[in-house]
J.: 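Sharing a structure below in structure tokens format, with a few things to ask.
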Amino acid sequence: MSADAAFGYAPGKIILLGEHAVVYGQPALAATLDRGVRVAVSRLAEDAKGPVLRGAGFGIDVTGARPDPGGAGPEPLRRALAKLVELYGERVRSLSFVVEGGIPAGSGLGSSAALSVAMIRGVHRFFGETISDEAVIADAFALERVFHGTPSGVDHSVIARGGLVSFQKNVETGAVHLESVTLPRRLRFAVGLAGAHAGTAHAVGALRERAKRHPRAYQRLWDAIGELVVEARGYLESGQLGALGELMDLNQGYLNALGVSTPAIEALCSIARDRGALGAKLTGAGGGGAMIALVDDDPAPVVRAFQAAGYGAFAAEIRAASSANDADEDPSARNDSLPTHDTAIAVESTP
Ligand code: PMV
């Protein structure tokens with residue numbers, strides 16, 4: 001039996017170490033954030049002409065997106081809605097999705113994967129159906145391919161699983177090894193926003209072209225990043241944050257060498273290190289977007305320093321011994337009221 005209204009929630013994510021190399025079969029460490037995307041699902045008043053997606057405060061205008069070709073809304077969102085109909089049937093056409101985003105879109109914090117997972121959970125709750133984590137991951141990958149072309153799958157996998165994970169994909173077979181990693185102590189970050197990026201597919205594609213021209217040189221970089229990810233996992237599990245921060249700095253050096261850093265990201269990393277951060281690096285595809293600075297204590301001074309330099313910034317944390325259930329829990333919205341209008345994302349002080 002379907003409900004009158006249902007919510008789906010999914011957290012945003014950061015890649016702690018290993019982005020880009022993960023596309024070439026190396027392991028990456030990623031974790032869900034304490035903020036995310038919430039989708040309210042209800043039945044459309046009008047006749048089955050949907051699904052319709054609303055919520056202008058997501059950093060991109062999703063007001064009134066519909067799946068029909070040539071219809072309202074950005075193309076990838078329309079195709080993602082069409083994919084939802086393909087996955088779950090014509091009944092989805094009678095649904096309205098109202099999105100509240102607590103993470104900015106297009107910044108490498110997993111907004112598209114979180115939206116995908118939140119919609120999938122919301123649809124199932126609305127129709128009173130259960131869905132396994134494995135099925136969420138499989139279906140979210142179908143939506144992520146609509147958004148990003150040929151992603152490694154790290155974003156939606158960590159978002160659907162929750163907590164801190166190690167992700168590795170066999171590039172020949174496509175088989176994924178996804179393993180939860182236990183954190184003995186929470187990790188605290190200042191997140192800085194270095195402007196919109198040109199998109200994950202663009203960054204990955206341009207890098208692939210460069211790597212094709214110098215395959216041996218790039219292979220050495222993939223291997224080096226993979227090795228530091230394996231070493232960093234040990235530091236995470238034993239709570240040695242100083243050593244972890246050093247490897248984040250090293251990883252950022254490699255990302256710069258790969259050509260995916262920017263002057264703004266480098267400036268944010270310098271500000272963070274000057275303010276005593278243990279380590280700082282971009283997170284996600286780069287070319288803009290978000291960077292993370294690991295701190296020992298209160299992230300507020302680093303957040304304020306980012307803001308004083310004119311960058312959007314917020315504090316984030318990854319909880320100790322995060323459990324898979326975290327992925328399904330909305331930390332920001334504990335009430336049952338439906339958002340009925342477009343709502344703004346809560347990114348403090350975005351210039
Ligand atoms: O979509 P983003 O910005 O979180 O980047 C995903 C991580 C990459 O390694 C750059 C791409 C991928 O598919 O793994």
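Remember, predicted model here, so these are calculated numbers, not experimental data. All ligand and atom numbering here is 1-based and tracks the order in the structure.
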J.: Assert yes or no for the condition that the ring centre distance of Y254 to H20 is strictly below 6.0 Å.
T.: no
J.: Considering only non-hydrogen protein atoms, determine which one is nearest to atom 4 (O) of ligand 1 and report residue, atom name and distance to 0.1 Å.
T.: K13 NZ, 2.7 Å
J.: Side chain, backbone, both or neither: which part of V23 comes within less than 4.0 Å of ligand 1 when only heavy atoms are counted?
T.: side chain
J.: State plainly whether the residues D298 and R304 are in salt-bridge range, i.e. N to O under 4.0 Å.
T.: no
J.: Using the ring of Y235 (Phe, Tyr or Trp, six-membered ring only), decide whether R233 places NZ or CZ under 6.0 Å from its centre and within 45 degrees of its axis.
T.: no
J.: Give the atoms of ligand 1, by number and element, whose distance to some non-hydrogen atom of G108 is under 4.0 Å.
T.: 3 (O), 4 (O)
J.: Is the NZ or CZ atom of R38 both under 6.0 Å from the centre of the six-membered ring of F7 and within 45° of that ring's axis?
T.: yes
J.: Show the nearest heavy-atom pair for residues L255 and K281, with the distance to one decimal.
T.: CD1-CE, 4.0 Å
J.: Return the closest protein heavy atom for atom 9 (O) of ligand 1 as residue, atom name and distance.
T.: H20 N, 2.9 Å
J.: Quick check on H202: does its NE2 atom have over 12 non-hydrogen neighbours (other residues, nucleotides or ligands) under 6.0 Å away?
T.: no
J.: State the atoms of ligand 1, each with its element, that fall below the 4.0 Å cut-off from a heavy-atom position in G284.
T.: 2 (P), 3 (O), 4 (O), 5 (O)
J.: If you have a sec, work out which protein heavy atom is nearest atom 6 (C) of ligand 1 and how many Å separate them, to one decimal?
T.: D155 OD1, 3.7 Å
J.: Any N or O of G110 that comes nearer than 3.5 Å to an N or O of ligand 1?
T.: no
J.: Please list the nearest protein heavy atom to atom 2 (P) of ligand 1 with its residue and the distance rounded to 0.1 Å.
T.: T200 OG1, 3.5 Å
J.: So that I can tick it off, tell me whether K83 and D139 are bridged by a salt bridge, with the cut-off set at under 4.0 angstrom between side-chain N and carboxylate O.
T.: no
J.: Among all protein non-hydrogen atoms, which one is nearest to atom 13 (O) of ligand 1, and what is the separation to 0.1 Å?
T.: S152 N, 2.7 Å
J.: Check for me, please, whether V23 and V146 land in the same ILVMFWY cluster - side-chain distances under 4.5 Å, paths through other members count.
T.: no
J.: At what distance is the nearest protein heavy atom to atom 3 (O) of ligand 1, and which residue and atom is it?
T.: A285 N, 2.9 Å
J.: Write out the residue and atom name of the closest protein heavy atom to atom 7 (C) of ligand 1, then the distance separating them to 0.1 Å.
T.: I15 CD1, 3.5 Å
J.: Short list, please: which atoms of ligand 1 are under 4.0 Å from a heavy atom of P151?
T.: 13 (O)
J.: Looking at F314, I'd like to know if the NZ or CZ of R35 sits under 6.0 Å from its six-membered ring centre while staying within 45 degrees of the ring's axis.
T.: yes
J.: Please list, in number order, the atoms of ligand 1 under 4.0 Å from a heavy atom of E19.
T.: 9 (O)
